[in-house]
Number of protein chains: 2
Amino acid sequence: MAGDQLSRIFAALADPTRRDMVARLAAGDATVGELADPYEVSVQAVSKHIKVLSDAGLVSQHKDAQRRPCHLEAEVFDLMTKWIERYRQQAEERYARLDAVLAEMRDERPTDHHREHGAAS
Amino acid sequence: MAGDQLSRIFAALADPTRRDMVARLAAGDATVGELADPYEVSVQAVSKHIKVLSDAGLVSQHKDAQRRPCHLEAEVFDLMTKWIERYRQQAEERYARLDAVLAEMRDERPTDHHREHGAAS
DNA sequence: TCCTTGTTCAACTAATTGGTTGAACAAGGA
DNA sequence: TCCTTGTTCAACCAATTAGTTGAACAAGGA
């Protein structure tokens, strides 16, 4: 399980070290060695982190002699943003409706002017 | 490790079942039992999933007799969106600049074929 | 050619996680 | 009161994962 890209992306970014690397790469491409420098972990561990980001499509690498510079693939972030926005908006709309209903109830109570127009779920 | 909220949020959403539950909750509050219904897993497993979402701040629960209806906390999504947008924009700006530089180079030597993109700045 | 640099592979360990079952607990309803 | 419903706790298992070390490999430079 956890095979789809969205799962891989979220899982990749659940690790603070990897988020840090993404932040670093947003400022410019970097080799695995350069990325490993600020951390106390082994280069191999960093290489593994890059693989995770790479499998998620967040990072690509191209050959340059014996180096493999890492490059942030910003477009993939759209997948996440779309997913997030969809449910946030849905939830917020629900609240807008609820607020409207509550406001209406507040309005109707003191004067009892207009009658209700059907139940809101 | 993985103690900060952003890590918990990303980790929580890395699981497709939990993303599904978020989708369900975006349409309206639901009890643990109702959430468990469409899945083949035990109610206890669903309860654990809700705990993960709850620890991440994505879901809250309130008491209603013996029920504990789950409620999606849409505001928390902002944390993610902000993090994502920051680095995406940063990366995109970098490309805008790179594109400008490449365009300039193209203008300056029309005969030279376009080069591979190396590290910027 | 041999040596150095940069990266990855392989094997292993410890910790985490998603699932299970069985028991407990909390709040109504008979 | 006892019974049912809804939820969580506890203990356990299998799979995954972040880290380690040691070895391999690929590409220049002497």
Side-chain angles (χ1 to χ4, degrees), chain A residues 1-22 24-25 28-56 58-72, chain B residues 1-22 24-25 28-72 116 118-119:
Chain A
M1 296 286 155
D4 63 307
Q5 189 178 15
L6 212 40
S7 295
R8 284 196 298 267
I9 294 173
F10 280 123
L13 295 177
D15 185 294
T17 304
R18 284 194 291 260
R19 283 202 306 280
D20 224 51
M21 289 173 179
V22 167
R24 163 72 185 76
L25 289 173
D29 294 3
T31 67
V32 176
E34 287 165 350
L35 283 169
D37 223 44
Y39 306 102
E40 304 214 321
V41 300
S42 64
V43 187
Q44 291 95 318
V46 172
S47 179
K48 277 193 189 181
H49 279 306
I50 294 299
K51 188 169 188 314
V52 173
L53 290 168
S54 180
D55 287 347
L58 285 158
V59 156
S60 64
Q61 287 175 282
H62 73 272
K63 269 187 90 162
D64 172 29
Q66 65 272 71
R67 264 151 247 108
R68 307 276 201 294
C70 301
H71 167 75
L72 191 62
Chain B
M1 295 278 165
D4 62 307
Q5 189 177 16
L6 211 40
S7 295
R8 285 195 298 267
I9 293 172
F10 280 123
L13 295 176
D15 186 292
T17 304
R18 284 194 291 260
R19 283 202 306 281
D20 223 51
M21 290 172 177
V22 167
R24 164 69 185 79
L25 288 174
D29 295 4
T31 67
V32 175
E34 285 165 350
L35 283 168
D37 223 43
Y39 305 103
E40 305 214 320
V41 301
S42 63
V43 188
Q44 290 96 319
V46 172
S47 179
K48 276 194 187 180
H49 279 307
I50 294 300
K51 187 169 190 311
V52 173
L53 290 168
S54 179
D55 287 347
L58 285 158
V59 157
S60 64
Q61 286 175 283
H62 72 272
K63 269 188 91 163
D64 172 28
Q66 65 274 70
R67 265 151 248 108
R68 308 277 202 295
C70 301
H71 168 74
L72 190 62
E116 276 300 309

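Naming convention: chains lettered A, B, ... in sequence-line order (proteins, then strands); numbering from 1 in each chain. This is a predicted model, so every value here is computed, not measured.
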Chemist: Would one find a side-chain N or O of Lys63(A) under 4.0 angstrom from OP1 or OP2 of dA26(D)?
Modeler: no

Chemist: Expressed in angstrom and rounded to an integer, what is the separation of Ile50(A) atom CD1 from dG19(D) atom P?
Modeler: 12 Å

Chemist: Where the side chain of Arg67(A) is defined as all heavy atoms beyond and including C-beta, which of dT7(C), dG19(C), dA11(C) is the nearest nucleotide?
Modeler: dT7(C)

Chemist: Between Asp4(B) and Arg8(B), does any NZ, NE, NH1 or NH2 come within less than 4.0 Å of an OD or OE carboxylate oxygen?
Modeler: no

Chemist: Grab the CG-P distance between Leu35(B) and dT8(D) for me, whole Å please.
Modeler: 11 Å

Chemist: Measure from the side-chain heavy atoms of Asp15(A) and tell me the nearest of dT20(D), dA18(D), dG28(C).
Modeler: dA18(D)

Chemist: Checking all strands, does Glu34(A) fall into the base, sugar-phosphate, or nothing category for heavy-atom contacts under 4.0 angstrom?
Modeler: nothing

Chemist: Taking the minimum atom-to-atom distance to the side chain of Val52(B), which one of dT8(C), dT8(D), dG18(C) wins?
Modeler: dG18(C)

Chemist: If each of Val32(B) and Asp64(A) is mapped to the nucleotide of DNA chain D with the nearest heavy atom, which maps nearer the 5' terminus, i.e. the 5' end?
Modeler: Val32(B)

Chemist: Could you tell me whether the phosphate oxygens of dG6(C), OP1 or OP2, come under 4.0 Å of any side-chain nitrogen or oxygen in Gln44(A)?
Modeler: no

Chemist: Using purine N1 to pyrimidine N3 plus N6-O4 or O6-N4 for Watson-Crick, or N1-O2 and O6-N3 for G-U wobble, both under 3.5 Å, which nucleotide pairs with dA11(C)?
Modeler: dT20(D)

Chemist: Ignoring backbone atoms, establish whether Ser42(B) has a side-chain N or O less than 4.0 Å from OP1 or OP2 of dT20(C).
Modeler: yes

Chemist: Measure the distance from CZ on Phe10(A) to P on dG18(C) and round it to the nearest whole Å.
Modeler: 15 Å

Chemist: For residues 32-46 of chain A, which residue pairs pass the salt bridge (Lys or Arg N to Asp or Glu O under 4.0 Å) check, not counting sequence neighbours?
Modeler: none

Chemist: Pairing check on dC25(D): which nucleotide meets the Watson-Crick or G-U wobble criteria with it, both distances under 3.5 Å?
Modeler: dG6(C)

Chemist: Asp29(B): which residues meet the salt bridge (Lys or Arg N to Asp or Glu O under 4.0 Å) condition with it, sequence neighbours left out?
Modeler: Arg94(A)

Chemist: Expressed as a whole number of angstroms, how long is the span from Met21(B):CE to dG18(C):C1'?
Modeler: 11 Å

Chemist: Distance check needed: dC9(C) P versus Lys48(A) NZ, whole Å only.
Modeler: 11 Å

Chemist: To the nearest Å, how far apart are Tyr39(B) OH and dT20(C) P?
Modeler: 14 Å

Chemist: Provide the closest heavy-atom pair for Leu35(A) versus Ala30(A) in the form atom of the first, atom of the second, distance.
Modeler: CG-CB, 4.1 Å

Chemist: Taking all heavy atoms of Pro69(B) and all of His62(B), pick out the closest pair and write down the distance.
Modeler: CD-O, 3.0 Å

Chemist: Could you tell me the Watson-Crick or G-U partner of dA15(D), where both distances fall under 3.5 Å? Say none if there is no partner.
Modeler: dT16(C)

Chemist: Report which part of the nucleic acid Lys51(A) touches: base, sugar-phosphate, or nothing (heavy-atom distance under 4.0 Å, all strands).
Modeler: nothing

Chemist: Measure the distance from CZ on Arg68(A) to C1' on dG28(D) and round it to the nearest whole Å.
Modeler: 13 Å

Chemist: For dA30(C), give its Watson-Crick or G-U wobble partner with both distances under 3.5 Å, or none.
Modeler: dT1(D)

Chemist: Indicate whether OP1 or OP2 belonging to dG29(C) is found under 4.0 Å from a side-chain N or O atom of Gln66(B).
Modeler: no

Chemist: Between atom CG in Asp55(B) and atom C1' in dG18(C), what is the gap in whole Å?
Modeler: 15 Å

Chemist: Below 4.0 angstrom from OP1 or OP2 of dT7(D), is there any side-chain N or O of Ser47(B)?
Modeler: no

Chemist: Does dG18(C) have OP1 or OP2 sitting under 4.0 Å from an N or O in the side chain of Arg18(B)?
Modeler: yes

Chemist: Given Asp15(A) and Arg19(A), is the salt bridge (charged side-chain N to carboxylate O under 4.0 Å, His left out) satisfied, shown in steps?
Modeler: CA-CA 6 Å; Asp15(A) 185 294; Arg19(A) 283 202 306 280; over 6 Å; no

